[in-house]
Each structure stands twice: as C-alpha cells, then as structure tokens.
Amino acid sequence: MKKSFDSIKVKRPIGFTLAAIFGLVVLLSLASVTGFTTYLMGADVQITAENNNLSVNTKAASTVNDKLSTIRGNVFQLLDMTGVISSRNQALARQAETFFFERNDDIAFIYVISKESVQNTLSSDIRIVNNHFFISNEIDASLISKVIESSAEQIGKSCDGETIAINVSPFLNVPSMALLFPWKENGRDQTCIIAFSIESISDIIGTGNINTTYLINHNDELLCHPDTDRVLAGESLKNHSLVMTLREHNQNNDDSRQIPFVTLDAKGKKTHWFGAYEKTAMADIVVITEVSRDIVLDAVKKTFINNIFIMGGVFFLTLIIALVYSKFGISDPIKKLTFAAREIQKGNFDTVLIDDLDANRKDEIGVLNQSTKDEKGFLETFSKFTNKGVAKAIARKEIDFEPHLKDLTIFFSDIRGFTAISDGFKNRFGNDSPREIIGFLNDYMSRMVNCITLSHGNVDKFEGDAVMAVWGILRDENLDFEALPDSDPKKKELAANHRKGVKEDALNAITGTIAMRYALMKYNKDAVAFTEAHKNEERAQYKPHIRIGCGLNTGRATAGIMGSADKMEYTAIGDAVNFASRTESSNKPCGTDILITEDTREILREEIENGTLVVERIPVEFEVKGKGAQHFYGVVNMPNFDIEAFFRQGDPEFTLDPDCAKAVGPTGPKTLNEVRNLLGIDIPDFEKVNLNEEENKIQVKQ
C-alpha cells in the first residue's frame with residue numbers, strides 16, 4: 001500500500017534523540033568557554049585601549065611640540081633677519097617676508113607689540129601680515145585689531161615673561177590660534193604675537209577611528225578639535241570632567257597621565273571614557289586624547305555576539321551531523337527523492353534533481369533512485385509521443401478532461417512535393433531509404449517544433465510530413481460568461497479578457513510560423529552543406545532542398561481527450577480545424593508560404609494597422625458555407641521580429657545566420673512578391689486560380 005512520507009509518524013526518532021544529547025553537551029561547553037573568554041578578553045582589551053590611548057596622546061603631544069617649536073623658530077629667524085635687512089634695505093626685507101609666507105602660508109600675521117601699544121596697534125614696532133592668508137580665507141585684515149584689543153590681558157602677561165596660547169578663531173572666523181612669546185629688544189618688554197591656522201596641527205595630530213585628540217590652553221579654552229565648530233565658537237572646557245580632574249590632581253607630566261572619567265548627556269545617560277593628557281613644552285598647552293569605553297568594548301561585544309552565532313552554528317551543525325550519522329545517510333536521500341517526485345508531479349520531467357539521485361548505492365535507496373530515473377526516462381518518452389505541454393498539464397492536473405469548446409488558433413503545414421522527395425530517397429538508398437527519410441524528417445521537424453514551442457504553441461500531431469499545432473488549447477478558461485446577460489458588467493470584463501487571450505494566441509502562432517521561415521532557410525542552407533560534404537561517398541547521403549506551406553485559422557473548436565480505452569490523445573476538432581487545414585493546402589495555388597484566414601486577420605487588425613504585422617490580401621474570392629465570400633491573406637513579414645532574441649529563448653548560444661536573416665524582421669521582405677522571390681515560388685496567374693474548385697473548396701458551417 002502506497003504511503004506518503006508525511007503520513008509516517010515516529011514518536012521519538014533516534015536521530016533527534018542523539019542530536020539533542022550531543023547538541024546539549026556542545027551548547028553547555030561552548031557557553032562556558034564563550035563567557036569566560038569574553039570576560040578575559042574585555043579586561044585585556046580595556047588595558048590595551050588605555051595604553052593605546054596614552055601612546056596616541058604622547059605621539060600627538062610630541063608632534064604638536066615640534067610644530068609649535070618650528071613656528072617659533074621660523075618666525076624668530078624671520079624677525080632677526082628682517083631686523084638686520086630692513087635697517088639697510090626695506091625692499092629686500094619685504095621680499096624676505098614674501099618668501100617666508102610662501103613657505104609658511106598657514107601663518108596669518110606676526111606682531112611685536114608692547115603693553116602701551118595695545119590700544120593703538122598701528123604703533124606696534126613690527127607688523128607683518130600675510131595678505132594672501134586673509135584674501136584666500138575672505139577675512140578682513142582689520143580684524144587683527146579686534147584680536148589685539150581682546151587679548152590685552154594676555155599681551156600684558158606675555159610682556160611680563162609668560163608664553164601664552166589663545167584661540168583667535170572666533171575673531172578670524174577660521175580655525176586658528178595665536179602664540180604670545182615674550183620679546184625683549186632695546187630694553188623694552190614686548191610680546192611677539194604669531195597667529196596661524198590650526199589646520200596643519202589638526203592634520204598632523206589626526207584622529208584615529210576611535211580616539212579623539214584636542215588642545216586646550218591655560219584657561220581651558222579649546223584651541224584645536226576635530227569638530228571645528230566648537231573651536232570657532234570659542235568653547236571652554238572648564239566644566240569638562242577630565243579637565244577638572246586634570247587641573248585638580250595632575251598638573252605635571254608624571255606617570256598618572258591616564259584619567260578615567262564619566263560624562264552625562266542631556267538625558268542623564270552616563271558614558272565612561274579613558275582619558276590621557278600631556279602638557280607641551282611651551283604656552284601651558286595641554287594635549288588631551290580620549291576614547292569611549294563603550295566604543296573600545298564594542299569589539300568585545302561584537303565578538304561575544306559573533307561567538308553566540310558561532311555557538312549556535314556549531315550547535316546546529318552538531319545536530320545535523322548527529323542526524324546524518326544516526327540515519328546512515330537516509331534522511332537527505334529520501335528528501336531528494338521527495339523533491340524529485342514533486343517535480344514530476346509539476347510536470348518537470350527534465351529536472352536535474354532526478355539526475356542528481358545516486359543510483360550506485362547498494363541499498364534500498366539506491367534501488368528507489370534507479371526506479372525514479374527509469375520513471376523520468378519513461379515520462380520524457382511519453383511526452384514526446386503525446387505532447388510535452390499536454391503531458392505536463394496532465395501531471396499538474398491542469399487539464400479539464402471533459403470535452404469543451406475553446407477559441408484557438410490552429411496551424412497546419414506540410415512539405416511541397418514530399419512524394420517526389422520520398423521517391424528520390426528510395427531510388428538512391430533502396431532498402432535503407434526509410435532510415436534516411438526519417439533522419440531527414442526528424443531534422444526538419446525538430447526545427448519547426450522548436451519554433452512552435454518557443455512561441456508557446458503545442459504540437460497536436462504529425463501526419464507524415466504534415467504538422468498540426470494549436471495555440472490556446474491549454475489556456476485555463478471557459479466560455480460560460482457568454483451566457484450572462486449583456487447588462488452584467490462581469491460579462492464585459494470576462495469577454496475582454498477572453499479576447500485578449502485569443503489575440504495573444506493568434507499573435508504567438510504567427511510569430512512561431514514566421515520564425516519557421518528563417519528556420520527553413522537555415523535548414524536548406526545546412527542541407528546544401530551536408531550534401532556537398534558527402535558527395536564523394538558511395539551512395540552519398542544528402543538532404544533535399546524543400547519548401548513548405550503553412551496555414552492558420554482562429555476559431556472555435558472542441559478540445560478534449562479523444563480515442564479509445566487503449567489509445568487517447570488530447571486534441572482539437574471541428575470546422576475551425578478543417579478550415580486551417582484547407583488554408584494550408586491553398587498556399588500552392590496562391591503562391592505563398594504562410595496564409596491566414598479573415599478570422600485570424602480580424603483578431604490581429606490592430607497589429608496589421610500599426611505595421612507590427614504585414615499581410616497582403618490574396619485577390620481571389622472563395623465561398624465558405626455559412627460565411628459567404630472570403631479572402632485569404634498572405635503573411636509578408638513582422639518588421640520588428642528579433643530573430644536572435646526569439647531563438648535564444650531555447651538556445652542561449654544561438655548565432656544569427658546573416659544569409660537567412662532576410663527571411664523576417666527589419667531586413668525581411670516588404671511584399672508578397674519579395675517573399676516569392678526569396679523562397680523561389682512562382683508568381684501565380686490569379687485570373688486562372690479558382691479556390692472554389694473541388695480540390696480547394698472549403699466547407700465550413702457557421
């Protein structure tokens with residue numbers, strides 16, 4: 001008795017029991033190791049972060065010291081040099097100043113001034129201004145006076161012997177600072193004010209990924225900070241926790257330059273920090289470096305989280321290994337078999353899941369795998385003997401086995417002069433002619449069927465050299481809406497959807513058929529090459545040059561499973577089918593390769609009017625019982641047809657043959673006569689064509 005895998009119930013599978021035991025042991029072990037490791041790692045990272053913060057601070061302080069010493073040395077050298085030169089040659093002194101600012105373009109101005117000169121900066125002994133600095137930063141040089149006036153107290157202290165640093169950014173509107181050095185000359189107590197951009201200092205001290213370094217002066221005013229807005233605002237850090245601790249307990253560069261501190265934000269949330277400081281050798285400037293403990297330990301937290309994920313991964317891996325071990329490789333193979341069976345149920349007979357089944361196993365699963373592969377081979381063969389689309393629809397239970405009416409587009413084709421072609425094979429190959437004929441037909445048929453499949457059609461049957469195909473036979477719909485009253489809005493909606501589907505089928509049918517024109521030209525070109533390649537062989541193989549006729553009609557037919565209890569096929573019958581067959585047979589008297597009926601033309605009226613499809617009316621009327629006088633229409637071209645895009649649906653490596661490309665598309669024919677010349681079809685004398693003759697007569701009931 002057949003059972004589904006889902007119906008087999010086990011209270012306590014051995015695999016899950018073993019997996020739970022192994023998993024629990026691993027989970028407890030990993031949890032203990034992870035917790036202990038995280039604790040030790042956090043302590044180690046904290047020590048490393050503090051030492052690294054101190055190292056960054058020491059390096060930054062050394063760099064700032066060097067920079068400030070360089071600025072002082074260069075300026076003092078300039079003052080000494082210009083003092084000597086200016087006494088002899090003022091022009092030469094100005095030139096020296098120009099050269100100096102070219103090499104020190106970050107210096108804004110240099111003033112040597114006494115206490116008495118503060119109120120009148122014009123009376124300062126030395127005034128050297130870097131005009132380029134003020135112009136490039138769009139600063140008014142008159143702001144120097146404000147800097148001097150606001151710094152009167154500091155100037156006085158500097159004249160008395162102190163070296164002082166002040167923030168002049170709020171006055172110059174660019175991040176900058178000034179150093180005030182005592183300057184004695186000719187017995188006068190003066191100060192040398194050097195104002196310069198702090199951009200170079202910001203660049204050389206830098207800011208790491210997590211460490212922040214900044215400078216404060218003796219009054220705890222911010223001199224340099226990565227956030228320049230704080231410097232421009234003249235911010236004071238007197239109330240900063242680190243600065244308060246520094247001023248209270250750690251005034252010197254001793255071993256206690258590392259200070260942990262805590263800050264509170266506006267919501268009262270605490271943030272713990274590691275701080276380090278070092279005073280520079282001049283101006284009582286303090287270089288401070290700080291880093292958030294939360295940021296430092298973030299890596300530890302991430303590592304902990306990652307370890308949790310790894311622990312979970314190892315836990316689940318243990319479960320998987322235990323399951324695989326306990327089931328001796330049964331679980332996964334059965335899943336593969338289940339999935340393969342589902343694909344077969346979906347009609348995917350060619351699924352790679354079946355090919356991946358291991359049939360070399362020496363156990364029951366190996367037997368099942370081989371049986372499934374055998375079933376796949378049978379189903380693939382079965383689908384070829386019926387119809388692949390129908391076979392898939394049957395597997396998916398998508399076909400309504402009850403006969404019903406459908407609006408379809410029906411296609412017929414056959415090879416012109418096939419009897420003569422068969423006789424040619426018989427004369428050349430004798431008893432071997434069946435094999436040669438079948439080989440030739442299979443080559444031809446495979447190319448035509450490919451066009452049908454790519455355009456979403458279904459091959460209905462082969463009758464000798466003739467092919468019957470339909471578009472729309474698998475479309476899931478019914479015609480019950482036609483019985484609704486005209487006043488029902490649902491009827492209009494359903495009718496519109498129905499017409500849209502019928503139109504799409506008709507356009508697909510012509511697309512596939514016109515693709516056959518290219519495929520036939522390619523076949524004939526390959527046939528010539530094949531015949532030429534074998535011409536010197538005894539009883540040389542050959543493939544004949546052929547022409548075909550194709551007919552399409554759109555109409556209502558009966559679709560359903562037909563046959564006997566021993567043999568059935570899903571097909572379509574009715575007048576619409578007969579009309580399509582007669583349409584195909586009318587190609588010869590009409591001198592065409594593709595004919596469509598007025599019903600098909602009417603469905604595709606819009607495409608014809610906008611030039612998407614080009615057809616020509618055959619100038620011969622014929623009578624259709626129940627319909628009256630009718631005309632056939634020869635299909636000329638689909639100018640926008642992309643041959644490469646069409647065939648690459650089935651073969652991504654398809655290469656367009658330029659000789660055959662003129663069959664259809666932008667380079668295709670523009671008239672029926674061009675089609676005839678292209679395919680070697682004689683232009684008929686339509687005055688002698690009578691489609692109402694018995695052999696061409698079409699009987700169709702309305």
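Remark: the backbone N or O of Gly634 is not paired with any side-chain donor or acceptor of Glu616 at under 3.5 angstrom. Between the side chain of Trp471 and the main chain of Ser455, a donor-acceptor pair closer than 3.5 Å is present. Asn553 contributes no side-chain N or O that, together with a main-chain N or O of Thr600, makes up a donor-acceptor pair within less than 3.5 Å. Under a 3.5 Å cut-off, the side chain of Asn587 and the backbone N or O of Glu584 do form a donor-acceptor pair.
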Exercise. Report the C-alpha distance between Glu436 and Arg428 in whole Å, list the side-chain angles of each, state the deciding distance to 0.1 Å, and finish with yes or no for salt bridge (charged side-chain N to carboxylate O under 4.0 Å, His left out).
Key: CA-CA 10 Å; Glu436 297 296 330; Arg428 175 174 293 198; over 6 Å; no
Quiz item: Please walk me through it: do Asn673 and Thr671 pass side-chain hydrogen bond (donor to acceptor under 3.5 Å, both in side chains)?
Solution: CA-CA 5 Å; Asn673 281 344; Thr671 65; 5.5 Å; no
Exercise. Apply salt bridge (charged side-chain N to carboxylate O under 4.0 Å, His left out) to Glu602 and Lys627, showing your working.
Key: CA-CA 14 Å; Glu602 182 60 29; Lys627 287 180 175 286; over 6 Å; no
Exercise. Could you go through the side-chain hydrogen bond (donor to acceptor under 3.5 Å, both in side chains) check for Thr554 and Asp599 one step at a time?
Key: CA-CA 6 Å; Thr554 303; Asp599 289 336; over 6 Å; no
Quiz item: Should Phe641 and Thr511 be marked as a side chain to side chain contact (heavy atoms under 4.5 Å, CB included) after you check the CA-CA gap, both sets of side-chain angles, and the distance that decides it?
Solution: CA-CA 8 Å; Phe641 186 84; Thr511 301; 3.4 Å; yes
Practice problem: Could you check Met516 against Ile594 for side chain to side chain contact (heavy atoms under 4.5 Å, CB included), going step by step and ending with a plain yes or no? | Solution: CA-CA 10 Å; Met516 292 181 189; Ile594 304 172; over 6 Å; no
Self-check item: His631/Glu621 under side chain to side chain contact (heavy atoms under 4.5 Å, CB included): CA gap, chis, key distance, verdict
Solution: CA-CA 5 Å; His631 284 88; Glu621 284 188 350; 3.1 Å; yes
Practice problem: Check the pair Thr513, Val635 against side chain to side chain contact (heavy atoms under 4.5 Å, CB included), reporting the backbone distance first and the verdict last. | Solution: CA-CA 10 Å; Thr513 306; Val635 176; over 6 Å; no
Self-check item: Test log, rule side-chain hydrogen bond (donor to acceptor under 3.5 Å, both in side chains), inputs His404 and Asn478
Solution: CA-CA 8 Å; His404 53 281; Asn478 59 56; over 6 Å; no
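For Pro669 against Val675, the heavy-atom pair with the smallest separation is CG-CG2, 3.5 Å. Closest of all the heavy-atom pairs between Arg416 and Gly549 is NH2-CA, 3.4 Å. Nearest heavy-atom pair across Ile473 and Lys406 is O-NZ, 2.5 Å. Heavy-atom minimum distance, Ala515 versus Phe647: O-CZ, 3.8 Å. Counting all heavy atoms, side chain and backbone alike, Leu691 lies closest to Pro589 at CD2-CG, 4.0 Å. Across all non-hydrogen atoms, the minimal contact from Lys503 to Leu604 is O-CD2, 3.9 Å.
Judged by a 6.0 Å distance limit and a 45° cone about the ring axis, Arg447 is not positioned over the six-membered ring of Tyr523.
Taking the six-membered ring for Trp and thresholds of 30 and 60 degrees, Phe632 and Phe579 have ring planes inclined between 30 and 60 degrees apart.
Within a 6.0 Å sphere centred on NZ of Lys491, heavy atoms belonging to other residues, nucleotides or ligands number more than 12. Around the CD atom of Glu687, the shell of radius 6.0 Å holds no more than 12 heavy atoms that belong to other residues, nucleotides or ligands. More than 12 heavy atoms of other residues, nucleotides or ligands sit less than 6.0 Å from atom CG of Asp685. In Lys492, the NZ atom is not crowded: 12 or fewer heavy atoms of neighbouring residues, nucleotides or ligands sit closer than 6.0 Å. Open room surrounds CG on Asp486; 12 or fewer heavy atoms of other groups in view lie less than 6.0 Å from it.
Side-chain atoms of Ile452 and Val467, non-hydrogen and from C-beta on, do get closer than 4.5 Å to each other. Counting heavy atoms from C-beta outward, Phe462 and Leu441 have side chains that stay 4.5 Å or more apart. Side-chain contact between Met448 and Ile548 is present, with heavy atoms from C-beta onward closer than 4.5 Å.
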